[in-house]
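Worksheet: the structure to be examined is printed underneath.
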There are 2 protein chains.
Amino acid sequence: MDDIGQKRRLGRRSTPHRGVRIQEVAKLAEVSTATVSRALASPQRVSPEKRARVLEAIAKTGYTPNLSARSLRSQKTGMILVVLPDLANTFFSRILRGIEETLFEAGYGMIISDLDGSPEKEAHFAAFTAAGRVDGAILLNGHLFGQSRDGQGRAAEIDMPIVALCESIPNADIPQIEIDNRAAARKMTQYLASRGHRRILYVSGPTGNVLERERYRGYRDGLRRAGLSFEPELVVPGDYTIESGMQAGRFIVEQRRRPSAVFCTSDEMAIGLIRVLLSAGIRVPQDISVAGFDDIEFAVVAEPALTTIRQPRQELGRAAASALIALLQKQETPRLIRLETELVIRDSVAEPRPSRDGRG
Amino acid sequence: MDDIGQKRRLGRRSTPHRGVRIQEVAKLAEVSTATVSRALASPQRVSPEKRARVLEAIAKTGYTPNLSARSLRSQKTGMILVVLPDLANTFFSRILRGIEETLFEAGYGMIISDLDGSPEKEAHFAAFTAAGRVDGAILLNGHLFGQSRDGQGRAAEIDMPIVALCESIPNADIPQIEIDNRAAARKMTQYLASRGHRRILYVSGPTGNVLERERYRGYRDGLRRAGLSFEPELVVPGDYTIESGMQAGRFIVEQRRRPSAVFCTSDEMAIGLIRVLLSAGIRVPQDISVAGFDDIEFAVVAEPALTTIRQPRQELGRAAASALIALLQKQETPRLIRLETELVIRDSVAEPRPSRDGRG
DNA sequence: ATGAAAGCGCTAACAC
DNA sequence: GTGTTAGCGCTTTCAT
């Protein structure tokens, strides 16, 4: 006790820390600090008797290791950075939960960075990462730190375990976890065609987005396989938000020659679009069928209930976290993990009603 | 260079860190490490000339301070813990964004803990906090660490800046940021009554929840002020989820004597409930009016568009973060901050249709 | 205004 | 299996 008291006095800290330190535990258990440390980190390497004494001393003192110190010494932080474009987007929350669960089980914590479209933030988090504050990162934003920026930020130099989730990152030699967007979009397009639709409007995601590129290809594939011709005027831009779905809806309402089915590449857009259609007196699915993508929680309670593509969101999160953990443990991990999607048939898609110009 | 090279060799680190260290910058700028440190932390205390040299050296080397070391030395982490009950709940994402924004502006990072109803996790994060890994915490879960648990976890001893957001924590001497749930619920109940409803069913939140207690009181208040009598059978349990709203909906469908209006204490429940009503052939609002609470993104695109109470979610997050930052800076902060709510009138509430038994 | 040097609390290399 | 001890990289006191 005296020793510690003295040490305290000698220390030059400005804000005295009230926590118990490893020394105190060691003293109480009558072992060295190394033994206390080992008893915690690798119990099997300490004799049962001493281990018991250490554990007792820890319980008695309420000791919790200082993680900054541990970090500094071991060069590990136990923290993973999760970078995503928009925290407020429903789509991400379930994914986050999957990530969090898995990381937690493996003893890691999660630091979230909501990019919010700000390059400034991105630079900040790149620095953050470089500062050794995290052991690895999961990127949901479709590019590496500093990529698509000039070389001035040295972000690109970051060298640590990273995985890409959902939005794959081309040319990056890191594990990518995703769904087969192209196949999923093709599946939906073919389904729509199989119900008899011949004029299928496509509401896209943001231009340049990898997801969008793949889904668009899938749409074209589906059209081709169904023997339908592609018509450029049947592609309407969107950005996955409710608002952009509503805009697409307004566009459709104003048209003379309407599609018989609409394939929205997100559920949010589908829900917004349906709302506008309904308000304009266009019935769904009697007048126009609408399909979504993602199968968010609200898809099933939408009116009408949404026919959509289910993404295994929580599993995606878990898979990404697992891949990252494998990397951290220097284990082998596949470069590409593709999770299955499922066509979920509900009520928003029906046969087209017979149209005046002969066929759907 | 030689010195550093030598130091490296002498060091016993297992995983050589490739980052640039402060020494290297100091050497290049021909100043001491202390000057480098000061140039970063308090520029005005360093002569402009040396500061410029330091900055140049930093740019040249790409130096980023190691935050674990800084933490260890300064006893500050620059990290805030945000504890919330359910990350996958739409309601929280906007709040999180508000928190994140404000923390970011103040130079803090955010660590999220999704409790997910697990006391084990709670204990973990309590330990985490005790381990000096964060400088403060924002609690969205309605209780302090370890509260409502026996004294064995010494979590209660945690002594750091904490604020409670949304779910206030009784008897805790910490800033609380919330809306006036009671007044909001009263406002909605009175509005429903003003439209002519006399049998207003209340779908509650989880029992024991502070929010629920307040909203329930507001409902009773509203009834009283409108001169309506309270009827116990018009209270149906819920837990804010879509699913529980659907259950409440099924309950209503099975009743002979149905309410003319339903006040759901969350939008999710309202949307789930409407879905069930619609499926059973009960029209909303013609047959039954339904009101929600929160004004989530989907409220406006629901069919019918939801009449609800708007909570300023992002502002709540910002206010909580601001209060915490004030605390961290030892500034005064009000113990209670109440943000205004707003009654948002859309299409899910109408006058009751004349009923057989004479009045609504 | 600046530098020297003492640690922050811990882990791991090394010696036994 | 256990103890001794040297740092991890930084900030800050103290002395100048």
Side-chain angles (χ1 to χ4, degrees), chain A residues 4 6-27 29-51 53-54 58 61 63-78 130-133, chain B residues 4 6-27 29-54 61 63-78 130-133:
Chain A
I4 289 169
Q6 188 159 22
K7 191 161 183 212
R8 287 249 194 177
R9 247 189 303 107
L10 290 171
R12 295 171 179 198
R13 45 159 67 121
S14 48
T15 52
H17 182 73
R18 2 180 154 36
V20 182
R21 288 169 321 293
I22 200 170
Q23 275 217 26
E24 194 172 327
V25 176
K27 178 152 252 176
E30 295 178 296
V31 296
S32 71
T33 61
T35 300
V36 175
S37 177
R38 283 192 282 253
L40 254 29
S42 34
Q44 76 287 358
R45 299 191 53 196
V46 173
S47 74
E49 183 224 350
K50 294 211 170 176
R51 186 171 49 205
R53 255 157 54 201
V54 169
I58 287 175
T61 54
Y63 169 71
T64 21
N66 178 308
L67 298 178
S68 296
R70 177 179 284 178
S71 245
L72 177 58
R73 177 65 238 230
S74 63
Q75 306 286 4
K76 286 174 199 155
T77 63
R133 193 117 179 191
Chain B
I4 290 170
Q6 185 157 26
K7 194 164 180 206
R8 286 250 193 177
R9 249 191 301 108
L10 290 171
R12 297 173 178 195
R13 45 157 70 119
S14 48
T15 52
H17 183 73
R18 358 178 157 38
V20 182
R21 288 172 319 294
I22 199 169
Q23 274 216 25
E24 196 171 327
V25 177
K27 178 151 254 177
E30 295 177 296
V31 296
S32 70
T33 60
T35 301
V36 176
S37 177
R38 282 191 282 253
L40 254 29
S42 33
Q44 76 287 359
R45 298 191 51 198
V46 173
S47 74
E49 184 225 349
K50 295 212 171 178
R51 186 171 47 201
R53 259 164 43 208
V54 169
T61 54
Y63 169 70
T64 21
N66 177 306
L67 298 178
S68 296
R70 177 178 283 177
S71 252
L72 177 58
R73 177 64 237 226
S74 64
Q75 306 287 2
K76 284 176 199 154
T77 63
R133 192 115 178 195

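Labels below follow one simple rule: chain letters A, B, ... track the order of the sequence lines, proteins then strands, and each chain is numbered from 1. FYI, side chains are in, hydrogens and waters are out, and symmetry mates aren't considered; it's all heavy atoms of this structure.
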Which one, D/dT4, C/dA1, C/dT11, comes nearest to the side chain of A/S37? C/dT11
Tell me the bend of the helix from C/dA1-D/dT16 to C/dC16-D/dG1 as the angle between end helix axes, each from five pairs, rounded to the nearest 10 degrees. 30°
A/R53 versus A/E30, closest heavy-atom pair with distance: NH2-O, 3.1 Å
Per B/V46 side chain, nearest of listed nucleotides C/dA4, D/dT2, C/dT2: C/dT2
Rounded off to whole Å, could you give me the CG-to-C1' distance for the A/L67 and C/dC10 pair? 10 Å
B/V46 side chain near B/V54 side chain, heavy-atom distance below 4.5 Å: no
Which whole-number value in Å describes the distance from B/L72 CG to C/dG7 P? 14 Å
Among C/dG3, D/dC10, D/dG9, the one nearest any side-chain atom of B/I22 is D/dC10
For the base of D/dG3, is there a side-chain donor-acceptor partner from A/R38 under 3.5 Å away? yes
Walking DNA chain C from its 5' end, the first of B/T33 and A/T33 to be reached, judged by nearest nucleotide, is B/T33
Measuring from A/K76:NZ to B/S68:OG, what's the distance to the nearest 0.5 Å? 13.0 Å
May I ask you to test the A/I58-A/L40 pair for a side-chain heavy-atom distance under 4.5 Å? yes
Assess whether side-chain hydrogen bond (donor to acceptor under 3.5 Å, both in side chains) is satisfied between B/T35 and B/S32, documenting all intermediate values. CA-CA 5 Å; B/T35 301; B/S32 70; 3.2 Å; yes
Looking at the side chain of A/N66, which of D/dG9, C/dC10, C/dT2 is the nearest nucleotide? C/dC10
Considering only C/dC10, D/dG3, C/dG3, which nucleotide approaches the side chain of B/S32 most closely? C/dG3
Taking only the side-chain heavy atoms of A/T35 (C-beta and beyond), determine which of D/dT2, C/dA12, D/dG9 contains the nearest atom. D/dT2
Side chain of B/Q75 (C-beta onward), nearest among C/dG3, C/dG9, D/dC10: C/dG9
For the CG atom of A/N66 and the CZ atom of A/R73, what is their distance to the nearest 0.5 Å? 14.5 Å
Between C/dA5, C/dG9, D/dT2, which nucleotide gets closest to the side-chain atoms of A/R73? C/dG9
5' precedence on DNA chain D between A/S47 and B/S68 (nearest-nucleotide basis): A/S47
From the set D/dT11, D/dG9, C/dC10, return the single nucleotide nearest to any side-chain atom of A/P65. C/dC10
Distance check needed: C/dG9 P versus B/R70 CZ, whole Å only. 18 Å
Rounded to whole Å, please give me the gap between CG in A/L40 and P in C/dC10. 10 Å
Which heavy atom of A/V20 sits nearest to which heavy atom of A/Y63, and what is that distance? O-CD1, 3.3 Å
